[in-house]
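Here is how names work: the chains are called A, B, and so on, in the same order as the sequence lines, proteins then strands, and each is numbered from 1.
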Amino acid sequence: MSASSSAKIALITRVLGTKYGRIDWWRGPPEEVMIGAILTQQTRWEHVNKALTELKRRGLCSLRAIDEVDSVTIESAIRCTGFYRIKAQRLKSLASHVNSVYGDTNIMAEKPTHHLRECLMGVHGIGAETADSILCYAFQRPCFVIDAYTERICRCIGITEKRQALKTLFEKVLPGDAAVHQQVHAHIVEYAKEFCAKKRCGECTLASLNG
DNA sequence: GACCAGGTCCTTG
DNA sequence: CAAGGACATGGT
């Protein structure tokens, strides 16, 4: 007889919190976090950091600058993150959209979460995960990020729902506090990087929670 | 050289 | 709707 999905999530949240303690991820100004959220698609964070450093060095780490400069220039600064042509387009789409709709991120910060999510999801190249990352880490909203790792871990413990359902579930279980959502997501990614890479999924011990 | 990384979009069956 | 491919560099 296995525990309910909610109970399992509450449990791994507690276990991973104890294991990893506090993780400070994605500190930084909203614009930088938004740019990073696109750059990190399907790549490692270390590469994103390099690209962000390069963008800053060239004075391009802002939505205003990205809107104005040509995409080839952006491509050359973000090459190390992979998919650099498509990501340069996505950055420009985001920048252009935000600049024309809101003017700047201070205005954005005043809008309700559901409104921002709709807006972000409307940008070509921003899907659910990237939108939620931005909401959670740039705008401090209690919006849970479901990524491939979360899906994998949930499957390990017998929760086989798809992404939208998982998001709903986590948001129901966790308190409505962005800092908590940030921590839990970070813990899941840390754990998954350590134990759930495809090659050594067998080392994951969370399956024992499966009853 | 093979495999994978904190996705998203488009095309097919 | 599910599944498969494209996008691309860099680390192990």
### Message
Does C/dA2 have its OP1 or OP2 closer than 4.0 Å to a side-chain nitrogen or oxygen of A/K162?
### Response
yes

### Query
NA contact type, A/A128, heavy-atom cut-off 4.0 Å: base, sugar-phosphate, or nothing?
sugar-phosphate

Between the protein and nucleotides 10-12 of chain C, which nitrogen or oxygen pairs come in under 3.5 angstrom?
{"residue": "C/dG10", "atom": "N2", "partner": "A/R44", "partner atom": "NH1", "Å": "2.9"}
{"residue": "C/dG11", "atom": "OP1", "partner": "A/K50", "partner atom": "NZ", "Å": "3.3"}

### Task
Kindly determine whether A/Q182 and A/Q140 satisfy side-chain hydrogen bond (donor to acceptor under 3.5 Å, both in side chains), including the steps that lead there.
CA-CA 9 Å; A/Q182 291 169 4; A/Q140 311 298 317; 3.0 Å; yes

### Task
Considering only NZ, NE, NH1 and NH2 on the basic side and carboxylate oxygens on the acidic side, decide whether A/E75 and A/R79 come within less than 4.0 Å.
no

### Nearest-Å distance for atom pair CG/P, residues A/L39 and B/dG6
14 Å

### Query
For the side chain of A/K8 and the backbone of A/I159, is there at least one donor-acceptor N/O pair under 3.5 Å apart?
no

### Task
Output yes when at least one side-chain N/O atom of A/Q41 is less than 4.0 Å from OP1 or OP2 of B/dG7, else no.
no

### Distance, rounded to the nearest Å, where A/L91 contributes CG and B/dT8 contributes P
14 Å

### Query
Taking the six-membered ring for Trp, are A/W25 and A/Y137 parallel (under 30°), tilted (30 to 60°) or perpendicular (over 60°)?
tilted

### d(CD, A/E151; C1', B/dT8) in whole Å
14 Å

### Message
Does B/dC4 have its OP1 or OP2 closer than 4.0 Å to a side-chain nitrogen or oxygen of A/R152?
### Response
no

### Query
Just to confirm, is there a sub-4.0 Å distance from OP1 or OP2 of B/dT8 to any side-chain nitrogen or oxygen of A/T130?
yes

### Task
Using whole Å, report how far NZ of A/K87 lies from C1' of C/dA6.
14 Å

Please produce a list of atom pairs where a protein N or O lies less than 3.5 Å from an N or O of nucleotides 9-13 of chain B.
{"residue": "B/dC9", "atom": "OP1", "partner": "A/G125", "partner atom": "N", "Å": "2.8"}

### Message
Assess whether a salt bridge exists between A/E151 and A/R155, defined as any Lys/Arg side-chain N lying under 4.0 Å from an Asp/Glu carboxylate O.
### Response
no

## Note on the structure
A/F83 CZ to B/dG7 P, in whole Å, measures 10 Å

### Query
With centres under 5.5 Å and planes under 30°, do A/W45 and B/dA5 count as stacked?
no

### Query
Separation of A/E161 atom CD from C/dA2 atom P, in whole Å?
13 Å

### Query
Under 3.5 Å, is there a donor-acceptor pair linking the side chains of A/S133 and A/E129?
no

### P spacing across the pair C/dT12 / B/dG6, given as an integer number of angstrom
13 Å

### Query
Could you give the CD1-to-C1' distance, from A/I35 to B/dG7, as a whole number of Å?
18 Å

### Query
Counting only Watson-Crick or G-U wobble pairs whose two distances fall under 3.5 Å, which nucleotide matches B/dG1?
none

### Query
Salt bridge or not for A/D132 and A/R117, using N-O below 4.0 Å?
yes

### Query
With a 4.5 Å limit on heavy-atom distance, are the side chains of A/L116 and A/R141 in contact?
yes

#### Entry: Donor-acceptor pair, side chain of A/Q41 and main chain of A/G125, under 3.5 angstrom
yes

## Note on the structure
Rounded to whole Å, the CD1-P distance (A/I38 to B/dG6) equals 17 Å

### Task
Classify the nucleic acid contact of A/A148 as base, sugar-phosphate or nothing, counting any heavy atom under 4.0 Å across all strands shown.
sugar-phosphate

### Query
Within the pair A/Y84 and C/dT9, is there a side-chain N or O less than 4.0 Å away from OP1 or OP2?
yes

### Message
Base, sugar-phosphate or nothing for A/Q42? Non-hydrogen atoms, less than 4.0 Å.
### Response
base

### Query
Do side-chain atoms of A/K92 reach the backbone of A/V69 as a donor and acceptor pair under 3.5 angstrom?
yes

### Message
Measuring only the P atom in each nucleotide, how far is C/dG4 from B/dC4? A whole number of Å is fine.
### Response
15 Å

